[in-house]
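The structure appears right after this line, and notes come after that.
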Amino acid sequence: MNSKTSLRKGVFLPAFLLVLGTGVAGLVNNKFLIDRFQAVFNWSYVNLSWMYQLIMVALFLLCCLLLFSRKGDIRIGGKDAKPKYGFWTWFAMSLTGGIGASIVSSGVSQPITFLESVWGELEGYGIEPGSSDAVLFALGRSFHEWAFFPYAFYGLCGVLIAYVCYNKNKPLTISSTLTPLFGDKANRPVVSAVVDMAAVLALALAIVGTLGTFIGLASSCLSQIYGVSVGVPVMFAIMAVTTVVYLLSSLSGVDRGIKFFARLNFRFYMILLAVVALLGGSLAWILNTGTSSLGYWLQNLPLWAFDTGTAGGENLIKWWTIYNWTFWMAFAPVTGVFLAQLSYGHTIREVLVVNWIMPSVFAVIWFSIFGGCAIDWQLSGVVDLAAVMRENGTYAAIWSFIRQLPLSAVLVPVTLFVMLISFSTSADNSVTVISALCMRGRKIGDEAPAPVKIAWGVAIGLLSFLLMAYASGGKGNDGVRYMVVSIGSVFSLLIILQIAAAVRAFFFPPRDDTPQ
């Protein structure tokens, strides 16, 4: 490792030690960990909900402006740049690198939670659980929180990082995205180290949270379906297998491991969608309900986009909408580096179509089919998924759902495998990017040395195991989830600056720095 590509100790050491320190704190005193970070989240909900909603609206509008204006014709890397990946490979890597395993289970649990107001989500709007309005709300609200608004984070961050790194030849740092506002001052060593350290820490903890979710889902499957007594050894085995899988993929590089897993993952997504659509019941009812729910979302969009809890109430806005927005904030800046890496040779319009529009359409289709089928079964009495969640938690809903499908003996292990691949695809690109950000002298697309990737992969795996096995809390992984959303709340300032930087770079550039 030469001096030009040495370890950025000011980025790696603080972030790495804080991740390990979090594990120790959660292990020694879980209640202290949860209470402190929950207090931060509670404060941010009360005082900053208005800001989070305005950030989402600004991101959405800015993506629309870039997509439909002439700025969309700007080619990442310059006029002569050629794409590295084919269209569908690019889309598969973009889609699966950003959503993780959560969408598989959320496609069932979230619509049912809203439909039956499992934790009081319908109280603010005064909708009767299980009613026709509740059906439309359940899917429409799922579209709102999984499609065009949250993916605007990835759309803008990906475009901005790609533009400043490829077109303006700025170094591979998160702080480089602020150069349209502050010039080269944004890349001063101290500033760059602080911004990148915070970004690396946020994404590392976010991966811990998603790995914790997968451990919970896999544990629920083994217990609920196969009658396995899930204890510490089983959780450790799940973590170890998963960590080995995503580390092997990350160590093999973007062009081998990540591309292979992304394409495999995408194919399995399509297979699961087809199976549920064809075998899950009335396809016509599912499609009709999904279409009506899309209209319901558009009808209520102005209120939902600006509601800070005054209309929807705390149980919905705080614990779903604001919670989700801050979670996406924690992921977006560093995930944007990965998406930017794939964007070389494409126009900004193409990048937004692949990173914003198409994943959003995919989410609408996914929730329409999985959520529509689950709602149909809930209302018709095939299976009471709401009761399953109240009794066993949200992790159990997907397995009760899959068990009702024909060939469930085959579909259960297939679904578990899809979740493993889905998480691994998301985690390996994240480990690749945070490792690269810990290195000095790297350009976008460069790989970090294997020891750095291994260090992050093992630390993330062990922290997930410790928090799930010894400090999980009432909702499965409370401590780390509150940490992620708290850091996402802090990251809101960075997102605001990135929005301003994008406006300056594309619509009000200095005379000698016109986008082209």
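Everything quoted here is computed from the prediction, not taken from an experiment.
Separating the CZ atom in F37 from the OG atom in S486 is a distance of 6.0 Å, to the nearest 0.5 Å. One finds the CG atom of L420 at 4.5 Å from the CZ atom of F214 (value rounded to the nearest 0.5 Å). Interatomic distance, S368 OG to L294 CG, rounded to the nearest 0.5 Å: 7.5 Å. The distance from atom CD1 of I286 to atom OG of S293, rounded to the nearest 0.5 Å, is 12.0 Å. Annotation: the span from I317 atom CD1 to W325 atom CH2 amounts to 9.5 Å, rounded to 0.5 Å. Distance CZ/F465 to CD1/I238: 10.5 Å, rounded to 0.5 Å.
A side-chain N or O of S94 and one of N355 form a donor-acceptor pair less than 3.5 Å apart. Side-chain contact of D384 with Q378: a donor-acceptor pair under 3.5 Å is present, judged by distance alone. No donor-acceptor contact under 3.5 angstrom links the side chains of S426 and Y246, judged on distance only. No side-chain N or O of S489 forms a donor-acceptor pair with one of T326 less than 3.5 Å apart. For the 3.5 Å distance criterion, the side chains of E121 and W319 fail to qualify, holding no donor opposite an acceptor. Residues N300 and Y125 have side chains that never bring a donor and an acceptor to within less than 3.5 angstrom of each other. Side-chain contact, S400 with Q224: a donor N or O sits under 3.5 Å from an acceptor N or O. Between S249 and D428, the side chains place a donor N or O and an acceptor N or O closer than 3.5 Å (distance only, hydrogens not considered).
Here the shortest heavy-atom pairing between G158 and A340 reads O-CB, 3.5 Å. Here the closest non-hydrogen pair linking S106 and P111 is O-CD, 3.2 Å. Shortest non-hydrogen contact noted between V364 and A147 is CG2-CB, 4.1 Å. Nearest heavy atoms, C157 versus Q498: SG-OE1, 3.4 Å. Here the closest heavy-atom approach between residue G461 and residue T243 is recorded as CA-OG1, 3.6 Å. Nearest heavy atom pair, residue A374 against residue V108, reads CB-CG1, 4.0 Å.
Panel note: side chain D307, backbone A311; a donor-acceptor pair is recorded below 3.5 Å. The main-chain N or O of V230 is never found under 3.5 Å from a side-chain atom of S219 such that the two would form a donor-acceptor pair. The backbone N or O of Y85 sits nowhere less than 3.5 Å from a side-chain atom of T89 that would complete a donor-acceptor pair. The backbone N or O of S223 lies less than 3.5 Å from no partner atom in the side chain of W399, so there is not a single donor-acceptor pair. Without hydrogens or angle criteria, S117 side chain to L122 main chain gives a donor-acceptor distance under 3.5 Å. Although no hydrogens or angles enter the test, the distance criterion places a donor-acceptor pair under 3.5 Å between the side chain of N288 and the main chain of A284.
Among W356, F60, F143, Y154, the one residue that satisfies the ring pair (Phe, Tyr, Trp, His ring centres under 6.0 Å) test with F149 is F60. The only option from F153, Y52, Y323, Y151 that meets the ring pair (Phe, Tyr, Trp, His ring centres under 6.0 Å) definition with W328 turns out to be Y151.
Here the side chains of T96 and F261 are not in contact, with every heavy-atom distance at 4.5 Å or above. Looking only at side-chain heavy atoms (C-beta outward), L339 and W90 stay at 4.5 Å or farther from each other. W366 is listed as a side-chain neighbour of V104, based on a closest heavy-atom distance under 4.5 Å. You'll find the side chain of Y166 stays beyond 4.5 Å of the side chain of S343, heavy atoms only. For the pair L156 and L66, the minimum side-chain heavy-atom distance is below 4.5 Å. Using a 4.5 Å heavy-atom threshold, the side chains of F370 and I103 count as separate. Side chains of F306 and Q53 form no contact here, defined as non-hydrogen atoms less than 4.5 Å apart. Looking at heavy atoms from C-beta onward, I398 lies out of side-chain contact with V388 at the 4.5 angstrom threshold.
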**Request:** Applying side chain to side chain contact (heavy atoms under 4.5 Å, CB included), run through V276 and F401 and close with a yes or a no.
**Result:** CA-CA 10 Å; V276 175; F401 175 83; 4.0 Å; yes
**Message:** Run L139 and T291 through side chain to side chain contact (heavy atoms under 4.5 Å, CB included) and show every step you take.
**Reply:** CA-CA 10 Å; L139 287 181; T291 302; over 6 Å; no
**Message:** Could you walk me through whether K71 and L65 satisfy the side chain to side chain contact (heavy atoms under 4.5 Å, CB included) test, starting with their C-alpha distance in whole Å, then the side-chain angles of each, then the deciding distance to 0.1 Å, before giving a yes or no?
**Reply:** CA-CA 8 Å; K71 306 302 179 183; L65 284 173; over 6 Å; no
**Request:** Take V351 and L342 through the side chain to side chain contact (heavy atoms under 4.5 Å, CB included) test and state the conclusion after the steps.
**Result:** CA-CA 9 Å; V351 173; L342 307 179; over 6 Å; no
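Ring geometry for F327 versus F331: interplanar angle of 30 to 60°, hence tilted.
In this structure, W304 has its ring center closer than 6.0 angstrom to the ring center of F137.
Salt-bridge annotation for E116 and R390: absent, with no side-chain N of the basic residue lying under 4.0 Å from a carboxylate O of the acidic one.
Scanning for salt bridge (charged side-chain N to carboxylate O under 4.0 Å, His left out) contacts around E314 gives K318, with sequence neighbours left out.
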Cut-off 3.5 Å, no hydrogens considered: what does the side-chain donor-acceptor table look like for residues 404-417, sequence neighbours left out?
unit_1 : atom_1 : unit_2 : atom_2 : d
T415   : OG1    : L411   : O      : 2.7

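Residue pairs meeting the side-chain hydrogen bond (donor to acceptor under 3.5 Å, both in side chains) criterion with at least one member in residues 127-147, sequence neighbours excluded: Q110-W146, R141-E145, R141-T321, H144-W297, E145-T321, E145-N324.
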